[in-house]
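These values consider heavy atoms only, across backbone and side chains, with no hydrogens, waters or symmetry-generated copies. In what follows, chains are A, B, ... by sequence order, proteins preceding strands, each numbered from 1. Quantities reported herein were computed from a predicted structural model and do not represent experimental measurements.
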There are 2 protein chains.
Amino acid sequence: MPERQQQILEAAVRVIARNGVRGLRVEKISAEAGISTALIYYHFGNRAGLLRHTLEFINDRAAVYTQQVSAETPRAELELLLSRELQDSETVRENSTAWGELRASAVFDAALREPLAESTRIWVGEVAEVIERTKAKVDAVAVAERLTTLVEGLSERWLSGSMTLDRAQELLKGAIAREIG
Amino acid sequence: MPERQQQILEAAVRVIARNGVRGLRVEKISAEAGISTALIYYHFGNRAGLLRHTLEFINDRAAVYTQQVSAETPRAELELLLSRELQDSETVRENSTAWGELRASAVFDAALREPLAESTRIWVGEVAEVIERTKAKVDAVAVAERLTTLVEGLSERWLSGSMTLDRAQELLKGAIAREIG
DNA sequence: GTCTATAGGTCGATAGAC
DNA sequence: GTCTATCGACCTATAGAC
């Protein structure tokens, strides 16, 4: 990807993480990136195109996280994979916030649904694969769906201030223990 | 509450359920309610005031649902209480959508966080109380937090088109079985 | 309490120069 | 590729009549 486009998309993720998709004003992104609004239209056509590319960009960054996961046992790998969205680092919080916004936006924006569902499928698949490697006698797909869905819920409670990050991580660990022993 | 105000708030919930908080345009609500925009400003001052009252209104409606729950056994009561947000009726879908929007908005709007956290606490408390009555030997509060959080995640996957309602209900039942046997 | 009419502002998008 | 300048649509909010 051209450097300038990547620069714009990074600014877009920051703006979404700060103000939400409802705060995604093309003007704000151009200010954040230090360029003109016209340049954004030159690169992405319109606001919807920018939003779509931003979603893909967030997906790709999450995929990179995933590949970086490496652990001794499948069980440890599972914990890492699931707590990916529950870390108090700037980047993770930013990604998790933007990700939550895109899920919430997809409820009202049909164009976002298919890419969102696809990303969700991929994540569930990855988690299910690791669960199978733990040799636990469970329905790996159902467990993967429950655990990833739980993580999304925990993430939203954390980010909206209804739960501390520590508590979210603790509840996740408890759920993993309940699900695969 | 004056009838006219309630009529406006009901229209606001419908508009939020259809277009999200992002789509909450005062004009749309006035059209939905069949009145002028000026009348909304007369009753609620400004857009923020209208939003705040609408969210309180949503809270109150959810509380009414809860009181209507009645079942033979605590276990059955638990299932009813949790699947409250996962029903394909017009009203539930509307409420669930608006509720999800409230959670998503609270990430970026500090003024919404406290009322949201309070409602969440109440819901978790109700669920925990029912779990205790099932006599299951578990940490009732932790289980209640996990199950209610899961429901929120399932609701969002359902409403955003990443999961069917049937599947969401099935996964919830599986989770209840795992958690309290 | 409720309306019509409109001021005033914001924002997406484009034209045209460089 | 990138900018400045600006149009035009849309939206919140208010003034003033009834």
Q: For B/Arg25, give me all partners under side chain to side chain donor-acceptor pair (under 3.5 Å), at least two apart in sequence or on another chain.
A: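 B/Arg25: no side chain to side chain donor-acceptor pair (under 3.5 Å) contacts found.
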Q: Between C/dG12 atom P and A/Leu39 atom CG, what is the distance in whole Å?
A: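 Nearest whole value for this atom pair: 16 Å.
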Q: To the nearest angstrom, how far is B/Lys28 atom NZ from D/dC11 atom C1'?
A: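 These atoms are roughly 11 Å apart.
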Q: Give the rounded distance in Å between these two atoms: CD1 of B/Ile35 and P of C/dG1.
A: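 So the two atoms are 13 Å apart, to the nearest Å.
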Q: On DNA chain C, nearest-nucleotide positions of B/Tyr42 versus A/Leu24: which is more 5'?
A: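 Upstream on the strand: B/Tyr42.
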Q: Give a yes/no on whether any side-chain N or O of A/Arg4 is located under 4.0 angstrom from OP1 or OP2 of D/dG1.
A: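 No, no such contact exists.
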Q: Tell me, with the steps shown, if B/Ser96 and B/Glu85 meet side-chain hydrogen bond (donor to acceptor under 3.5 Å, both in side chains).
A: CA-CA 6 Å; B/Ser96 201; B/Glu85 300 285 322; 3.2 Å; yes
Q: Students often get this wrong, so: under 4.0 angstrom with heavy atoms, is A/Leu50 touching a base, only sugar-phosphate, or nothing?
A: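 Result for A/Leu50 = nothing.
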Q: Please output the side-chain donor-acceptor pairs of residues 102-109 of chain A that fall under 3.5 Å, not counting sequence neighbours, one pair per line with the distance.
A:
{"from": "A/Ser105", "atom 1": "OG", "to": "A/Glu101", "atom 2": "O", "distance (Å)": "2.7"}
{"from": "A/Ser105", "atom 1": "OG", "to": "B/Arg22", "atom 2": "NH2", "distance (Å)": "3.3"}
{"from": "A/Asp109", "atom 1": "OD1", "to": "A/Ala111", "atom 2": "N", "distance (Å)": "3.1"}

Q: Expressed in angstrom and rounded to an integer, what is the separation of A/Ile40 atom CD1 from D/dT2 atom C1'?
A: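 To the nearest whole Å, that distance equals 12 Å.
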Q: Any sub-3.5 Å donor-acceptor pair from A/Thr73's side-chain atoms to A/Ala76's backbone N or O?
A: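 Yes: the side chain of A/Thr73 pairs with the backbone of A/Ala76.
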Q: Measure from CZ on A/Phe44 to P on D/dG1 and round the result to the nearest Å.
A: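 That distance rounds to 12 Å.
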Q: Report the nucleotide, chosen from D/dT12, D/dC3, C/dT4, that has the shortest atom-to-atom distance to any side-chain atom of B/Arg25.
A: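 Within the option list, the nearest is D/dT12.
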Q: In whole angstrom, what separates A/Ile8's CD1 from D/dG1's P?
A: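 That distance rounds to 11 Å.
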Q: Grab the N/O contacts between the protein and nucleotides 13-17 of chain C below 3.5 Å, and write none if there aren't any.
A:
{"from": "C/dA13", "atom 1": "OP2", "to": "A/Tyr41", "atom 2": "OH", "distance (Å)": "3.4"}
{"from": "C/dA13", "atom 1": "OP2", "to": "A/Arg47", "atom 2": "N", "distance (Å)": "2.8"}

Q: If the test is side-chain contact (heavy atoms from CB on, under 4.5 Å), which one of A/Glu10, A/Arg18, A/Glu27 qualifies with A/Glu32?
A: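 The residue from A/Glu10, A/Arg18, A/Glu27 that satisfies side-chain contact (heavy atoms from CB on, under 4.5 Å) with A/Glu32 turns out to be A/Arg18.
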Q: Checking side-chain hydrogen bond (donor to acceptor under 3.5 Å, both in side chains) for the pair B/Thr149/A/Arg157: CA distance, chi angles, key distance, verdict?
A: CA-CA 8 Å; B/Thr149 304; A/Arg157 282 208 184 172; 3.2 Å; yes
Q: Please state how far atom CD in B/Gln5 lies from atom C1' in C/dG1, giving the value in whole angstrom units.
A: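 The distance from CD of B/Gln5 to C1' of C/dG1 comes to 12 Å, rounded to the nearest Å.
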Q: Applying the 4.5 Å side-chain criterion to the ILVMFWY set and letting contacts propagate, would B/Val143 and B/Val141 be lumped into a single cluster?
A: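 Shared cluster, no.
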